[in-house]
Each structure stands twice: as C-alpha cells, then as structure tokens.
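Below is one structure; the comments refer to it alone.
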Amino acid sequence: MAKNLVIVESPAKAKTIEKILGKDFEVKSCFGHIRDLEKDDMGIDIENNFKPKYVIPEDKEKVVKELKKLAKDTDEVWLATDEDREGEAISWHLCEVLHLDPKTTKRIVFHEITKPAIENAVQHPRKLDMDRVNAQQARRILDRIVGFEISPVLWRKMSMRNSLSAGRVQSVAVRLIVEREREINHFQSVSTFKVEAYFTGKDINGKNISFKADGPGKFKTAEDAEKFLQQCVAAAYTVKDIQVKPGKKSPAAPFTTSTLQQEASRKLGYSVSKTMLLAQKLYESGNITYMRTDSVNLSDTAVGEIEKAIKKSFGDKYHQHRKFKNKNESAQEAHEAIRPTYMENTTVEDSDTRKLYELIWKRTIASQMADAELEKTIAKIDISTNHEELTASGEVLKFDGFLKVYMESHDDEEEQEDEQEGSLPPLAVKQSLDLKEMKATERFSRPAPRYTEASLVKKLEELGIGRPSTYAPTITTIQKRNYVEKRDKEGIKRDFRILVLKADKISKQTESENTGAEKSKLFPTDLGMIVTDFLNQYFNNVMDYGFTAKIEEEFDEIASGKKVWNNMLKEFYFPFHKDVENTLENAERVKGERPLGTDAASGKPIVARMGRYGPMIQIGSVEDEEKPRFAKLKATQSIETISLEEAMELFKLPRNLGLFEGTDVVVNIGRFGPYAQHDKKFYSLKKEMDPYTVELDEVAPLIAEKRTAKDERTIKIFEKEKIQILKGPYGPYIKQGLKNFKIPKEKIDTAADLTVEEAKAIIEEAKANPPKKKAPPRKKKAE
DNA sequence: CAGTGAGCGAGCTTCCGCTTGACTT
C-alpha cells in the first residue's frame with residue numbers, strides 16, 4: 001500500500017500523474033462529482049437557510065466505497081481535483097465522505113499535466129478554500145431551484161405537457177434560437193445595385209492583362225444604376241493613383257472546447273457531440289490534453305516543444321513566441337488549451353479521430369508561428385465623363401507565416417467569398433485602360449443566419465452561459481425536449497436584375513439564383529416558441545441574457561469572501577418564488593392560438609394552435625354542434641408562419657388512392673409520419689413520397705416489399721407454440737408472443753438449427769433468471 | 001406503431017456541472 005493517496009477527477013489523468021510521482025504515490029480518480037442534491041423535494045431545506053441535502057448517486061457508490069477503503073489504509077490523502085469552483089467543491093465532498101479534516105487535508109492543483117508542474121504542486125500544498133466551495137454550492141442550489149421550480153409550472157400551464165423543462169442555461173439557449181427565427185421571418189430584404197467594371201490593357205511590362213474594379217458605392221434603384229452607366233458611355237479610363245500598403249494576419253489562439261467545436265463544425269462538418277466524442281477518444285489514448293477547457297494557455301514545456309517543431313519543419317523565421325490571454329471573463333482556466341501531447345506526432349493511426357487530431361495539431365503549431373505578411377494595392381481609376389471613380393484592389397502574400405499550416409474559418413463564408421481578393425497586375429499611374437464591360441448587379445440584403453450547433457455554443461460562451469462540459473449536453477437537451485430541431489432548409493428561387501454596359505450600349509438582363517438554403521441549422525419548434533414566450537412573460541429575470549453574468553459576479557464575491565452564500569440565495573429566491581406562485585395562480589393555460597381566417601365552405605373560424613399532440617389547425621369550435629375538424633401541421637410548418645391556403649391543404653388527408661387486391665389503400669399522416677393503410681396493415685411511406693400527391697402505383701410496391709422483408713427477418717417459426725426465431729439488429733433472437741429472449745452466445749451461430757425444445761428451454765431459463773437490474777436503472781422513456 | 005384535439009386527476013416528468021462506461025430487442 002502506497003504511503004500517499006492522490007485523488008484527481010479524471011482516470012486518464014490519474015494514470016499519467018502516477019507515472020510522474022513514482023511509487024510512494026497512488027493516484028486514483030473520483031470520476032467527477034461524487035455527491036449531488038437529493039432529487040425528491042428539491043434537496044434543499046429552504047426554511048433552514050438553504051441547507052443542501054446531499055446524497056451519493058447510485059452510480060458513484062462503487063467508486064466512493066473504493067476511495068474510502070484506500071483512504072483508510074494510507075498515511076496521507078492529497079486532494080488534486082481541478083482548481084476551478086467545481087473542483088474545489090469536489091474536494092470538499094471528498095473530505096465529507098472520506099471523513100478528512102478540511103482544515104488539515106492537503107489540497108494541490110495543477111493547470112497542466114507536466115512533470116515540473118506536478119512536482120511543484122506537491123511541494124506547495126494548500127488547504128481547502130471554503131469560500132470557493134460555498135460559491136459552488138450557491139451555483140448548484142440556484143440551478144436546482146430555477147430548474148425544479150419552473151419546470152413544474154410548465155407542466156401545469158402548457159397544453160403539451162410531456163416532460164417539459166426549463167433551466168438557467170437551456171431556456172436562454174432556446175430563446176436565442178427563437179429570437180433569431182423571428183428576426184429572419186420579419187426581415188425585409190432590400191436590394192441595391194453593385195457596379196463592377198472589367199478592364200483589359202497592358203501592364204508596366206507590356207504584358208496583356210485583365211482585372212476587375214468596383215464602382216462607387218451601391219445604387220439604391222435600378223434607375224440610379226442605369227443613370228450611372230449612362231454617364232459612363234464613351235468614357236475614357238485612366239489610372240489616377242496607386243497605393244501600396246503593408247498588412248498582416250495573425251494566427252488564432254490554440255483551441256478551447258468552444259473554438260474546437262466551432263472549427264470542427266465549419267471545417268469537418270461535425271456536430272458538437274461528435275467532436276467531443278472523438279476528442280474524448282484522443283484524450284484517453286494520450287494523444288491530446290484535456291478536451292473540456294476554457295483556457296488558451298499552453299504550458300512552458302509545450303511552448304518549447306512547439307518551437308522546436310516549427311524550427312525543424314519550417315525554419316527559424318516561421319517561429320514567433322506568443323502568449324494568449326483569455327478574452328472571456330467567465331473562464332475558470334483549470335486546464336491548458338487543447339493541444340497534442342506530443343508535437344512530433346503530426347497524425348494518429350486511428351482513422352476516426354485522425355482529422356480532428358490533425359486540426360488540433362495545425363491550430364496548435366500555427367499559434368506559435370510568425371504573422372503572415374501581405375501587401376495590399378489599391379488603384380483608383382478615373383472616369384472621364386463624370387466625377388466618380390472606380391477602385392481596383394489586390395492583395396499579395398509576401399510571407400505566408402502561419403498560413404503555411406492553418407487558416408481559421410468563419411461562419412459567414414458567403415460574405416468572405418465576396419471579399420476574397422486576388423492579386424492586382426502591376427499598373428502605372430496615368431496609364432489608360434480599355435473597358436470590356438461594366439455591370440450593375442442587383443444584390444439583396446440578408447438576415448442574420450440561423451444558428452448552427454457550434455455558432456450557438458459560441459454565442460452562449462460570449463454570454464458566459466454554460467461551461468465546456470455542458471455545451472454539447474445542452475444542445476442535445478433542447479433538441480430532445482423538442483424545443484429546437486436541427487434540419488436543412490431548401491432555398492427559394494429569386495430573380496435579380498443585371499444592367500450591362502458594353503460597347504457603349506446598355507442592355508438589361510434578368511437572372512435567377514437560389515437563396516435562403518440552409519444546412520444543419522437549428523430551428524425552433526412551435527413548442528419552443530410558445531414555451532419561450534411564456535417564460536419571457538413570467539420569468540424575465542432568469543430569461544435575461546445578462547442573468548448568468550450577473551449571478552456569476554455574485555458567485556465571485558462569495559468566492560472572495562465578500563458575500564455570504566445563503567444571503568445571496570435569499571436575495572434571489574424570495575422574489576423568484578413569488579413569480580412562481582403568481583404564475584401558478586394567474587397564468588392561463590397556453591394554447592398558442594393564431595387565427596387564420598374563416599372557412600369558405602362552412603363560415604367557421606380557422607385557427608392554428610398547439611394541441612396535446614403537437615401543432616394543428618382547427619376549423620370550428622368544440623361548442624359547435626358539429627365536431628370541429630382537425631389537421632396536423634407538417635414538420636416544416638409553424639403556427640407563426642402558416643398561411644390560410646397552406647392550412648386548407650392539410651385537410652386533403654386522408655386520401656383514398658383506390659383499390660389494391662380488392663381493398664382500399666388510404667394514405668394519411670400519423671404519429672410516426674406518412675403511412676398507407678391497406679387491409680388493416682400499415683406501411684410507412686418512403687421519404688420522397690408526398691402523401692398529398694402520391695399515387696397507387698407508387699404505394700403498391702411498398703406492400704410487397706414489407707411482405708418479403710418480413711420473410712427475410714424470419715429464421716424459423718414454431719406455429720403451435722407461438723415461438724419465432726427472428727433476425728434482429730443485434731443478431732438472432734427468440735420471440736414468444738410479445739416478449740423477446742436472448743439466445744445464449746454458444747448457440748447464436750446455429751440459431752437456425754434450434755429445436756422447439758431448445759427454444760422452450762431458453763425461454764424457461766430466461767424466465768427463471770430474470771436479467772439483473774442495472775444500477776442505475778435506466779428509466780424507459782414514454783414516447 | 002399509425003388516435004387524438006375538452007377537462008378531471010392519477011402519477012409521471014425537471015436543473016447544471018463534474019466524470020466515464022455499459023450493452024441492447
């Protein structure tokens with residue numbers, strides 16, 4: 001038994017540190033938090049000054065038991081959890097559970113897992129910082145109160161009430177998406193005309209050249225643009241002035257969780273959860289440093305390694321020592337930036353993680369490289385027939401610097417393309433130019449783009465909302481709650497006008513472009529919008545974009561001993577709780593109704609609204625003698641934007657397509673999407689089939705297809721015993737009635753040879769030994 | 001698996017932030 005027990009949060013870290021510290025130290029991991037607030041009754045004794053009731057969750061019992069045993073048998077326990085607020089709290093919980101004295105137990109921290117950092121930490125232990133622990137408790141308790149008091153309000157007040165939730169982070173994330181959507185819906189596009197002139201001529205060396213110049217500003221109307229072109233008829237063009245300016249570009253800071261998620265999304269098209277999964281793999285295999293971090297700092301050791309790598313591969317002049325500072329005030333910087341552990345590994349074997357690793361490698365190495373040097377040339381071109389001038393500009397890369405390995409991408413790629421500049425040929429002042437043609441092209445202003453997962457993370461980080469470990473789970477949650485969905489949107493065709501001046505004649509053309517197409521963007525659902533409106537109305541304090549930043553300041557005051565944590569909670573809780581009670585008492589049940597007009601056939605009102613099972617259209621009211629008619633909205637439609645015509649279309653279902661094998665085939669949209677019904681059986685329509693237009697000859701093959709699929713799935717049937725041996729996604733299994741049974745491993749390969757007796761025996765065996773309940777029991781979600 | 005849409009009341013859900021596994025019907 002080692003003399004010293006060191007406890008860290010992550011098991012991968014434990015392994016590395018154990019190697020560094022040697023045989024007197026045993027390093028174990030507690031796998032993050034080991035206690036949490038009890039779930040029943042909030043786990044907070046509000047009357048008793050917000051006294052928290054902590055319990056050890058079932059899935060942590062094992063590790064706690066093991067740590068208890070080790071702690072008993074060791075001379076000294078060292079608490080080496082992360083230096084941030086959460087880490088300090090984890091150490092305190094360890095003291096409580098392992099019966100260590102917080103006043104004497106050694107607390108050490110390292111911001112980087114390097115030999116000097118760890119040895120230095122062991123030489124300078126401190127004691128637990130209770131102020132910081134209390135700041136964490138205040139954070140935890142406040143989040144519990146917000147989540148567990150508002151969510152039940154939603155269950156009471158929403159017409160759709162299946163497992164709705166609200167929280168300090170998720171509700172604001174949804175709000176951002178809802179507001180962006182409305183901004184887009186209300187956006188009024190304005191068109192302007194942009195002039196571009198194409199010249200030919202000879203450069204200073206007598207070489208034939210051609211280049212482009214931009215016109216003087218944008219014209220508001222086609223008439224203004226035409227007037228300008230008219231003025232240019234028969235004009236002479238001369239170079240009036242040439243300016244050359246040096247410029248430079250600097251590399252971005254090394255990756256944090258948030259910037260890694262953004263770049264992996266833009267460059268590799270990964271979702272944030274995919275990025276984190278792959279990063280976790282790279283971390284566990286020892287290839288990169290910790291992947292949940294908000295720090296841009298690199299250890300001195302790493303900076304040295306990077307310098308060596310740059311000088312070796314690219315030469316001394318490509319190196320430039322840089323130290324990055326976090327812009328974000330909410331950063332807690334318990335770790336390093338995300339970087340390769342060994343710079344000499346330019347790639348990894350594993351093909352799944354390779355692209356992400358290479359991205360991290362490039363970004364890291366670029367961050368210590370020299371600036372790229374540019375030369376920007378601007379030529380002014382005089383028009384003889386008016387007082388305006390044209391501008392041609394070009395950019396030449398004089399020294400590539402960090403661009404040799406890496407260039408950061410931006411969200412608004414389209415805008416970038418517009419501004420992308422090539423080089424300008426060498427021209428001389430007073431040189432005359434030949435106009436090939438001049439175009440005035442109509443351009444439309446665009447609304448802000450919808451959020452991607454990654455751009456939402458960026459926004460949340462800017463607002464100081466959420467932490468590196470929660471960005472990915474938050475995005476999953478708001479989608480799982482059906483507040484938000486990720487999908488593509490097809491663009492629409494739009495015409496634009498072009499005026500062309502060529503050979504002193506003006507001609508007009510119309511062309512069309514596709515606009516508004518989006519891929520993998522976050523759209524709010526009707527539910528998301530309705531819940532957001534409700535929360536904004538009754539809980540505007542918590543929904544405020546600055547709320548987290550405000551309470552973070554207070555947590556900082558608690559951490560620095562300037563404020564008492566219970567008092568902070570008191571100040572928050574009582575007004576908040578009053579809002580909760582007021583809402584419960586006064587708010588009406590929300591239906592999200594929007595009147596669309598009157599039905600021409602019956603004269604009854606038509607409304608779009610939220611039903612118990614989702615957004616729908618209703619004609620007439622329940623008070624009418626005749627029952628109202630209902631139709632479900634399509635997935636891409638929304639209560640807020642659907643038109644009366646679109647709504648009426650929805651009543652064309654169910655459609656009878658005619659007879660097949662003597663019985664009717666009827667298509668409709670159900671709980672699981674569009675389907676056809678024939679002879680009491682159901683057949684899902686293929687994705688490309690539109691239930692509003694699909695014909696019988698397209699649907700009939702589905703019926704045959706399903707019949708053969710069923711045959712293929714069946715390995716064997718014992719008719720009398722009602723036992724089937726079927727092929728499932730995890731291999732063959734036995735089905736009796738509605739119940740499924742696993743086939744023992746040794747018989748899996750010969751499942752087709754099973755006899756009735758053998759199958760019966762397996763069923764009996766399974767019934768006698770029901771599979772053990774796993775801890776924690778995963779609750780089945782009611783769909 | 002393929003309905004419904006009101007209201008009542010049973011009994012359920014829910015937060016954020018630390019960490020990784022377990023293993024399918």
Side-chain angles (χ1 to χ4, degrees), chain A residues 8-13 29-37 39 42-43 59-60 63 81-82 84-87 89-90 93 136 139-155 159-171 280 284 290 292 334 465-471 473-474 477 481 548 589 591 609-618 621-623 627-632 654 666 668-677 680-684 726-735 739-743 771 774-776 778-779 781-783:
Chain A
V8 298
E9 290 180 40
S10 150
K13 214 190 266 182
S29 146
C30 66
F31 295 85
H33 274 295
I34 53 157
R35 295 203 301 181
D36 193 13
L37 295 172
K39 281 215 167 175
M42 293 241 292
D59 58 339
K60 288 292 163 64
V63 64
T81 53
D82 297 345
D84 55 18
R85 200 162 63 200
E86 299 296 325
I90 292 172
H93 283 297
Q136 191 277 344
R139 197 281 305 155
R140 177 68 192 92
I141 292 168
L142 184 137
D143 281 337
R144 170 55 68 83
I145 289 170
V146 169
F148 276 38
E149 291 214 357
I150 301 185
S151 299
V153 175
L154 293 179
W155 305 338
S159 43
M160 263 187 107
R161 43 183 167 168
N162 45 341
S163 66
L164 298 178
S165 67
R168 175 178 56 85
V169 173
Q170 58 167 284
S171 298
Q280 176 89 28
E284 282 172 14
Y290 197 58
R292 290 186 276 263
I465 299 171
R467 303 279 312 133
S469 68
T470 60
Y471 295 138
T474 299
T477 302
R481 297 266 172 276
T548 292
R589 181 167 283 252
K591 287 182 184 168
R609 71 173 183 92
M610 200 59 158
R612 246 203 298 180
Y613 307 99
M616 60 175 192
I617 306 292
Q618 179 176 340
S621 100
V622 279
E623 283 104 54
K627 255 188 88 170
R629 294 175 68 201
F630 300 105
K632 215 171 139 155
V666 177
N668 201 352
I669 299 179
R671 169 90 170 73
F672 305 98
Y675 67 93
Q677 193 174 18
K680 290 179 191 152
K681 290 197 189 73
F682 296 92
Y683 304 89
S684 290
L726 302 172
K727 223 184 281 175
Y730 312 109
Y733 65 99
I734 298 175
K735 186 181 182 111
K739 280 194 171 160
N740 296 322
F741 301 92
K742 214 167 138 178
I743 298 176
K774 289 281 166 240
R778 282 188 79 79
K779 275 181 200 141
K781 222 168 129 45
E783 270 293 311

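Chain naming here is simple, since letters A, B, ... match the order of the sequence lines and numbering starts at 1 in each. Keep in mind the model is a prediction, meaning the values are calculated, not measured.
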- Base, sugar-phosphate, or nothing: which does Ser165(A) touch, judged by heavy atoms less than 4.0 Å apart? sugar-phosphate

- Query: With a non-hydrogen cut-off below 4.0 angstrom, is Ser10(A) in contact with a base, only sugar-phosphate, or nothing?
  - Reply: sugar-phosphate

- Message: Under the criterion side-chain contact (heavy atoms from CB on, under 4.5 Å), I'd like the reasoning laid out for Ser165(A) against Ser151(A): C-alpha separation, chi angles, the key distance, then a yes or no.
- Response: CA-CA 5 Å; Ser165(A) 67; Ser151(A) 299; 4.0 Å; yes

- Task: Check whether any side-chain N or O of Tyr290(A) sits under 4.0 Å from OP1 or OP2 of dT19(B), and answer yes or no.
- Result: yes

- Task: Just call it for Asp82(A): base, sugar-phosphate, or nothing, with non-hydrogen atoms closer than 4.0 Å on any strand.
- Result: sugar-phosphate

- Item | Arg589(A) side chain near dC8(B) phosphate (N/O to OP1/OP2, under 4.0 Å) | no

- Quiz item: Arg292(A) side-chain donor-acceptor pair to dC18(B) base, under 3.5 Å: no

- Message: Applying a 4.0 Å non-hydrogen cut-off, can you work out what Ala89(A) is touching in the nucleic acid: base, sugar-phosphate, or nothing?
- Response: nothing

- If you look at every strand shown and take non-hydrogen atoms under 4.0 Å, does Pro11(A) touch a base, only sugar-phosphate, or nothing? sugar-phosphate

- Query: Any stems for DNA chain B, made of 3 or more Watson-Crick or G-U pairs in a row, each with both distances under 3.5 Å?
  - Reply: none

- Task: Pick base, sugar-phosphate or nothing for Gln280(A), based on heavy-atom distances below 4.0 Å to the nucleic acid.
- Result: sugar-phosphate

- Task: Answer yes or no: is there an ion pair linking Arg140(A) with Asp36(A), defined by an N-O contact shorter than 4.0 Å?
- Result: yes

- Could you check how far CD1 of Ile150(A) sits from C1' of dT14(B), rounded to whole Å? 11 Å

- Task: Indicate, with a heavy-atom threshold strictly under 4.0 Å, whether Gly466(A) touches base, sugar-phosphate, or nothing.
- Result: sugar-phosphate

- Query: Which part of the nucleic acid, if any, lies within reach of Ser684(A) when heavy atoms closer than 4.0 Å are counted: base, sugar-phosphate only, or nothing?
  - Reply: base

- Message: Classify Gln677(A) by what it touches in the nucleic acid, base, sugar-phosphate, or nothing, heavy-atom distance under 4.0 Å.
- Response: nothing

- Phe148(A), nearest nucleotide to its side chain (from dT20(B), dC15(B), dG3(B)): dC15(B)

- Task: Check whether the aromatic ring of Trp155(A) stacks on the base of dT14(B), taking stacking as ring centres less than 5.5 Å apart and planes within 30° of each other.
- Result: no

- Query: Would one find a side-chain N or O of Arg140(A) under 4.0 angstrom from OP1 or OP2 of dC18(B)?
  - Reply: no

- Message: Both Glu9(A) and Val146(A) contact DNA chain B. Which one's nearest nucleotide lies toward the 5' end?
- Response: Val146(A)

- Query: Counting any heavy atom closer than 4.0 Å, what does Tyr471(A) reach on the DNA or RNA strands: base, sugar-phosphate only, or nothing?
  - Reply: nothing

- Think Arg144(A) has a side-chain N or O under 4.0 angstrom from the OP1 or OP2 of dG17(B)? no

- Selected nucleotide, minimal atom distance to Thr470(A) side chain, candidates dC15(B), dG17(B), dC18(B): dG17(B)

- Query: Who passes side chain to side chain donor-acceptor pair (under 3.5 Å) against Lys13(A), sequence neighbours left out?
  - Reply: Asp82(A)

- Query: Got a sec, which residues hit side chain to side chain donor-acceptor pair (under 3.5 Å) with Arg609(A), two or more places apart in sequence or on another chain?
  - Reply: Gln618(A)

- Query: With respect to the side chain of Arg467(A), which nucleotide from dT20(B), dC15(B), dG17(B) is positioned closest?
  - Reply: dG17(B)

- Trace of the side-chain contact (heavy atoms from CB on, under 4.5 Å) decision for Arg292(A) with Arg467(A): CA-CA 9 Å; Arg292(A) 290 186 276 263; Arg467(A) 303 279 312 133; over 6 Å; no

- Message: Can you check the distance between dG9(B) and dT13(B), where both ends of the measurement are the C1' atom (answer in whole Å)?
- Response: 16 Å

- Query: So does Gln136(A) get a side-chain nitrogen or oxygen closer than 4.0 Å to the phosphate oxygens (OP1/OP2) of dG17(B)?
  - Reply: no

- Message: I'd like to know if the side chain of Thr81(A) reaches the main chain of Gly87(A), judged simply by a donor and an acceptor atom lying under 3.5 Å from each other, with no hydrogens or angles considered.
- Response: yes

- Message: Restricting to ring pair (Phe, Tyr, Trp, His ring centres under 6.0 Å), what partner residues turn up for Phe682(A), sequence neighbours left out?
- Response: Tyr675(A)

Quick test: give all pairs of protein nitrogen or oxygen and nucleotides 4-6 of chain B nitrogen or oxygen below 3.5 Å, distance rounded to 0.1 Å.
from	atom 1	to	atom 2	distance (Å)
dA6(B)	OP1	Arg609(A)	NH2	2.8

- Asp143(A): side chain to side chain donor-acceptor pair (under 3.5 Å) partners, not counting sequence neighbours: Arg139(A), Arg168(A)

